[in-house]
Structures are given as C-alpha cells and as structure tokens.
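Notes for the one structure printed next.
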There are 2 protein chains.
Amino acid sequence: MSSEQAHVVTIREVAAAAGVSIGTASKALNGRGKLREETRARVSAAAERLGFRPNPLAQGLLQGRTYTVGLVTGDSFGRFSIPVMLGAEDALGAGQISVFMCDTRDDPIREQHYVERLLARRVEGIIVTGRRTEPRPSIGADLPVPVVYAMTQSASDDDFSVIPDDRGGGALAARHLLATGRTRIGHVTGPERFEAARRRAEGLTDALAEAGTGLAGDPLFGEWTEEWGRQGADILLRAHPDVEAVFCGSDQIARGVSETLRERGRRIPDDVAVVGFDNWEPMVEGCRPPLTTVDMNLGEIGRIAAEHLLEAIGGAPRARGVLTVPCSLVLRESTRVS
Amino acid sequence: MSSEQAHVVTIREVAAAAGVSIGTASKALNGRGKLREETRARVSAAAERLGFRPNPLAQGLLQGRTYTVGLVTGDSFGRFSIPVMLGAEDALGAGQISVFMCDTRDDPIREQHYVERLLARRVEGIIVTGRRTEPRPSIGADLPVPVVYAMTQSASDDDFSVIPDDRGGGALAARHLLATGRTRIGHVTGPERFEAARRRAEGLTDALAEAGTGLAGDPLFGEWTEEWGRQGADILLRAHPDVEAVFCGSDQIARGVSETLRERGRRIPDDVAVVGFDNWEPMVEGCRPPLTTVDMNLGEIGRIAAEHLLEAIGGAPRARGVLTVPCSLVLRESTRVS
DNA sequence: GTGAAAGCGCTAACAA
DNA sequence: TTGTTAGCGCTTTCAC
C-alpha cells in the first residue's frame with residue numbers, strides 16, 4: 001500500500017531514522033556487538049517501518065559468498081528431472097540457498113555457455129540433471145566450484161553422480177511377483193543400448209535365478225513406447241502363452257502390454273500380473289487396472305545430490321564416483337493376488 | 001587444468017599483471033575511456049590468461065541492478081508450467097537475465113516466503129506460473145518490482161496475466177470437425193467449476209451455432225481423467241448412438257473416450273473422430289490412433305510473459321488485465337478424412 | 001593516455 | 001555502549 005514499498009531502503013536511512021550511526025544499525029539488525037536493548041528495538045522498529053531488506057549483493061561482496069547454486073538440466077525440465085529438482089530445491093532452500101535454473105536443450109554449446117554464466121555469477125556449486133542415467137561428458141574438469149550429477153551420470157570417474165538403483169528396482173519387481181505366486185515371468189523393456197534397461201533386466205533375472213527360476217525367454221528389448229509394449233506383449237504371448245506375469249521397463253511400455261493382454265483375453269491380474277517402472281502417475285492411474293510399478297524416488301535423488309553439494313561447498317572432501325539410491329515398489333491393482 | 005582456475009581472480013590482479021592501474025584495467029576491459037590499443041591488448045591478455053571474470057555482485061552493487069528475475073510456480077514445475085518456464089527462460093536468457101526458480105507446492109505461506117526471499121535478493125521482476133488458468137490471489141499489491149502471471153490469472157485487475165485462449169481453442173476444434181464433414185459432435189470435458197472447461201465448451205458451441213448446427217446433447221462435465229473419459233463416452237453413446245465426433249477437454253479424457261469408442265465397436269476416425277486438448281505428447285502418441293489435439297502454445301505464453309516483464313523492467317508503463325494467446329491445432333490420425 | 005580517489009551497501013575492526 | 005573507519009570488487013569521475 002505505502003508507496004515507500006517501491007523505494008529500496010538502505011541501512012543508512014534506517015540508521016538516520018533511528019538516530020544512530022550506520023555501524024550501530026548494522027549491529028542492531030544482526031544481533032552483533034553490545035548494544036542497549038532500547039537501541040536495538042529502536043533500530044528494528046525503524047527498519048520494520050521503512051521496509052528495510054539488507055542488500056544481499058553488498059553482504060555477499062563482503063563475505064565473498066553468493067548463497068546461490070546453479071541447476072543445469074538437459075531434460076528440458078522434463079518428467080525425470082523435475083522431481084529431482086524439487087528434491088534439490090528442498091534441501092537447498094532450507095539452507096537459504098537460491099537456485100539459478102538453466103535448460104540446455106541437450107545442446108553442449110548451450111551447456112557450456114550456461115556453465116560460464118553460472119560461474120560468472122559466482123554460484124557456489126552446480127547440480128547437473130538429466131533425463132536418463134546414461135553416462136554423459138563431464139561439464140568440465142577442475143571447475144572452481146563443486147559439481148554433482150543427479151539422475152544422470154558423468155563419464156568421468158572424478159565426478160560425483162547420484163542415480164537410481166535400476167538393478168535393485170528390477171530385483172524388487174522380481175521378488176514381488178514371486179511372492180505373489182507367479183513364476184513364469186516375461187520382460188518387455190526399452191532399447192538395450194540404455195544402461196537403465198540392461199540393469200533392470202539384470203536385476204530381474206538375477207533375482208529370479210536366486211529363487212531357482214528363470215525368465216520366460218530373453219528380455220525383449222525395444223523402445224520406451226506404448227506401441228512397443230503392445231508389440232512386445234504379442235511376441236511374448238506367442239512364445240510363452242502360459243506367462244503369468246510381465247515386468248515392463250517403463251510405465252508406458254506397461255500400458256501397451258496391459259492393453260494387448262486384455263485384448264488377447266488375459267485378465268489382469270488374475271491371469272497375468274503386470275509391473276511397470278517409473279511410477280508416472282498419469283500413466284499409471286489411467287492404466288487398466290491401475291499399475292503396480294517401481295518408483296525411483298527421484299525427489300530423494302535430488303535431495304541427496306543437493307546435500308552432497310552443500311557439504312562440498314562447506315568444505316567437505318569432494319566425493320567421487322556413483323551413488324545409487326534404492327527404488328521402492330508401489331502396489332496397485334495389476335499385481336493383486338486374487 | 002591449471003590450478004589458478006580454482007582461484008577467483010580480481011581485477012586488481014589483472015591490473016598488476018598488466019602493469020597498469022586498476023582503473024585503467026577496468027576501462028580496457030569495458031572498452032571505455034581513451035586508451036592506447038597496446039594497453040587494451042595487454043590487459044585483455046592478462047585477463048584471459050588469469051581467467052578473470054568480473055564479479056557481478058560488485059558490478060550490480062554499483063549499477064543498482066542484479067540482472068535476475070524470480071520464477072514462482074505453484075504447479076511443482078509440472079506439465080503446464082514447464083513449457084511456460086522454458087519459453088520465459090528463452091526470452092530472458094537472451095537478455096542475459098538469470099532466473100531464480102521457486103516452487104511453492106501450491107502453499108500460500110511458502111509462496112509469500114519465496115516472494116520475500118526474491119525481493120530480498122533484489123530480483124528485478126517476478127513471473128508467476130501455474131497449472132491452470134483459474135484466477136488466483138495476487139501475490140501482492142504494490143510490490144517494488146513488476147509481476148507477470150503466465151498460464152495462471154491473478155484475481156486482481158491491476159495485475160497482468162497471459163493465458164491461453166481456451167475459447168478460441170474450442171472453436172478451432174469445432175471448425176476442424178465441421179470441415180472434415182462431421183456435424184453430430186459431442187463434448188466430454190473436465191469439471192464445470194473450471195473456467196478453462198467452460199470456455200472451451202463455449203468456444204465449441206458458439207462455433208457450431210455459427211455454422212448453423214448444435215452440440216449433440218449438453219457438454220458432459222466431469223473430471224480431467226481417463227476414467228471419466230471412458231464413462232463420458234458411454235453416456236454419450238447411449239444418448240447419441242449416431243455421434244460422429246467427440247471433442248474432449250483434455251488429452252487424458254480423449255484417451256478414455258477413444259478406448260471406449262473402440263470397445264463399443266466404433267472405428268476412429270472412420271466412424272467417430274476425436275479431438276483432444278493439451279497436446280501432451282506421451283498421451284497423444286500412445287493413443288490409438290494418435291490424437292488430433294489443441295496445443296496451447298505454452299512456450300509462446302511464457303515468452304510473451306517474459307517479454308512484457310522485460311519491458312516493464314525497462315520502464316515501460318506496467319500492463320494490466322489479461323492477454324490471451326491463440327491456440328493451434330495439431331493434426332493426427334484421429335480426425336483423418338477417410 | 002593513465003592513475004588516483006570516491007563510492008555502490010554493507011560488516012567488522014578499532015576508537016571513543 | 002556507540003561512532004568511526006576501512007574495505008569487499010568494481011566503475012567512474014577528475015586530475016595529471
């Protein structure tokens with residue numbers, strides 16, 4: 001309401017209004033030094049009344065800090081990187097750190113450009129996120145600030161990456177299906193060139209082997225699409241008509257698989273159980289029936305990445321290598337025991 | 001590689017290295033004043049060699065500018081706000097403005113908190129984005145910086161909002177269906193309490209009326225879900241078995257509608273055409289057949305919002321009211337003419 | 001042409 | 001208990 005709001009108030013004005021020196025005002029507002037309680041109150045009141053906010057540029061200049069970090073994503077802030085970002089923001093926000101966001105459109109030139117810009121802005125650290133966990137080139141060796149990769153992996157061993165435990169996710173699905181009494185289990189998943197697809201398949205087959213059983217046929221590698229899910233299910237049904245469960249490499253694939261199963265007269269979950277991967281709500285809930293799926297705990301990944309970054313900023317020895325975060329299983333209709 | 005990289009270089013060091021005064025170094029680097037070409041070169045070389053980057057805090061302190069804006073979203077950086085953000089980032093990034101992102105989780109307390117923080121950081125403007133275009137409380141009257149709402153609408157007439165033209169989107173769908181020879185057109189959409197749902201329905205019915213025809217029954221208001229799409233289609237088919245086309249209020253609804261139509265023996269697009277709304281790729285492309293749908297041009301909305309913000313920051317008279325951005329139609333299989 | 005000095009808003013020594 | 005001063009890194013007068 002008051003038009004002073006629009007004017008940026010300096011500590012000089014506060015000091016003048018409170019009838020004290022500028023240094024005293026500073027001490028009063030920051031609770032430093034020895035001041036009479038009455039003085040403190042007077043300064044606070046003046047600051048309050050004038051709507052004073054300390055200029056962080058000036059503070060930062062003095063302390064040599066900016067309390068900002070950069071968040072670089074190649075996923076166009078997509079479905080995977082967003083929850084990661086939220087988790088990260090959570091952890092950072094609590095520490096009063098603000099986040100500069102940059103989207104690289106997966107373009108290395110833009111990426112380099114943004115990194116430059118972030119460094120110029122004196123961010124205290126950088127988080128790099130991505131769409132998939134495939135190793136990617138490091139954003140730079142020997143940067144003057146710590147860097148953490150979240151939901152994406154640097155190709156350099158010197159960097160530190162936080163990614164989901166795809167292997168564990170596969171095993172989780174396997175054990176759940178076994179526990180519900182299914183043993184003839186098929187696997188329809190994404191392209192074999194993706195580490196994530198290979199790891200999920202490994203986790204599945206290893207867990208099955210441990211239980212003394214094996215996969216129904218080889219894993220069916222294809223695309224990350226519904227269309228491939230529909231095709232894959234057909235292939236699987238033809239080769240293994242007696243299949244009791246299908247573990248799918250993504251929720252989209254699972255939707256396609258579910259659709260074909262239904263069209264081929266299989267009831268889910270009575271005849272065939274289906275498990276997806278991603279826990280992508282709109283996909284999972286539109287599915288018929290709603291889909292049991294593996295959740296990668298993306299928020300957790302972001303949070304952990306951010307916490308590591310904060311520690312590194314705080315001077316902790318810089319971590320290296322890859323940290324995997326456990327997945328969890330979200331139960332829905334598609335694997336219910338009848 | 002060089003370990004100097006890790007050290008933050010000041011202009012003082014550059015000046016020393018070049019054997020000039022600090023003021024001369026500044027002039028050389030900024031192309032100001034009158035200097036010998038040789039001096040300029042020497043300073044530039046030193047700066048280059050040492051990896052000097054001017055400290056934006058110091059520059060900003062002097063100029064009284066921060067070259068940052070805040071982006072506040074209540075959509076948890078969801079499907080709608082992300083493209084808006086990308087568009088905005090595009091427009092701002094070109095102007096060397098960096099973006100602080102804040103997610104409010106749709107919590108007014110958090111929102112207020114973030115606005116405070118952004119103002120404390122001396123952002124030069126704020127963009128507010130949301131999930132839907134429903135009017136929402138203003139983030140604050142008389143803030144010291146300009147504010148623009150994108151893909152969400154402030155309840156206050158004094159604010160400036162940029163939203164999609166839902167009405168026009170509905171009309172677009174109507175005219176397209178008419179152009180492909182369909183006249184008996186049904187409408188399944190989201191909850192009536194949403195302005196977006198009402199506007200889309202209006203656009204549709206008005207355009208049909210203009211063409212001298214009418215909607216098949218009343219618009220079916222329900223939920224924004226696939227499940228409701230399935231139910232809605234059943235209701236529609238029962239009341240109007242001869243329906244030739246269905247315009248859906250969202251792509252998710254359209255998926256449900258498509259599924260039921262198929263299960264009830266209707267071929268798409270031969271017997272019934274389907275149009276969705278949102279152009280949400282994973283939904284639209286998994287649909288059988290791929291879905292013709294209305295695109296809200298979210299990136300454009302973000303870009304326009306950011307441009308207005310930049311102008312306001314530049315001192316242009318602050319805009320007020322609501323600006324609607326035209327939708328466009330994306331053609332796919334579901335409305336093909338046989 | 002170049003250097004010296006002031007000052008952006010703030011905090012932290014040091015004086016008073 | 002309070003005021004004064006120096007200085008964070010930079011740009012910009014104004015002398016030289």
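Hydrogens, waters and symmetry mates play no part in the numbers below; they use all other heavy atoms, side chains included. Every chain is numbered from 1 and lettered A, B, ... according to where its sequence line falls, protein lines coming before strand lines.
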Does B/R32 make a side-chain N or O approach to OP1 or OP2 of D/dT12 shorter than 4.0 Å? yes
C/dA6 C1' sits how many Å from B/I22 CD1, rounded? 13 Å
Per atom distances to the B/L62 side chain, the nearest of C/dC8, C/dC10, D/dT12 is C/dC8
Name the nucleic acid region contacted by A/I11, choosing base, sugar-phosphate or nothing; use a 4.0 angstrom heavy-atom cut-off, strictly under. sugar-phosphate
Look at the side chain of B/K27 and the base of C/dG1, then say whether one donor and one acceptor between them are separated by less than 3.5 Å. no
Taken to the nearest whole Å, CG/B/L61 to P/D/dG7 is 17 Å
Which nucleotide, C/dG1, D/dT11, D/dT4, lies nearest any side-chain atom of B/Q59? D/dT11
Any base atoms under 4.0 Å from B/T10, or only sugar-phosphate, or nothing? Heavy atoms, all strands. sugar-phosphate
For B/K34 and D/dT12, give me the distance from atom NZ to atom P, rounded to whole Å. 15 Å
Closer than 4.0 Å, any side-chain N/O of A/R12 to the OP1 or OP2 of C/dC10? no
Pair B/R121-A/S98, side-chain donor/acceptor within less than 3.5 Å: yes
Protein-nucleotide distance (B/E13, atom CD; D/dC10, atom C1'), rounded to Å: 14 Å
DNA chain C: 5'-proximal contact among B/G23 and A/N55 (nearest heavy atom): B/G23
Under 4.0 angstrom between B/T39 side-chain N/O and C/dT2 OP1 or OP2: yes
Quick one about B/S156 and B/S154 (side-chain donor to acceptor, distance below 3.5 Å, no hydrogens or angles considered), yes or no? no
Expressed in angstrom and rounded to an integer, what is the separation of B/R42 atom CZ from C/dT2 atom C1'? 11 Å
Rounded to the Å, how far apart are B/L35 CG and D/dT13 C1'? 15 Å
Is the count of non-hydrogen atoms from other residues, nucleotides or ligands lying under 6.0 Å from A/E38 atom CD greater than 12? yes
Contact class for B/T24 vs. all strands (heavy atom < 4.0 Å): base, sugar-phosphate, or nothing? base
A/P54 has a side chain; which of D/dC8, C/dC10, D/dC10 sits nearest to it? C/dC10
What is the distance from CD of B/Q63 to P of D/dC10, rounded to the nearest Å? 13 Å
Let me know, please, whether B/A58 or A/N30 comes out on the 5' side of the other along DNA chain C by nearest nucleotide. B/A58
Please report, rounded to the nearest Å, how far the C1' atom of C/dT2 is from the CZ atom of B/R36. 9 Å
Hey, what's the ring geometry for B/F160 with B/H308, parallel, tilted or perpendicular (30° and 60° as the breaks)? tilted
Just checking B/R12: does its CZ atom have more than 12 heavy atoms from other residues, nucleotides or ligands closer to it than 6.0 angstrom? no
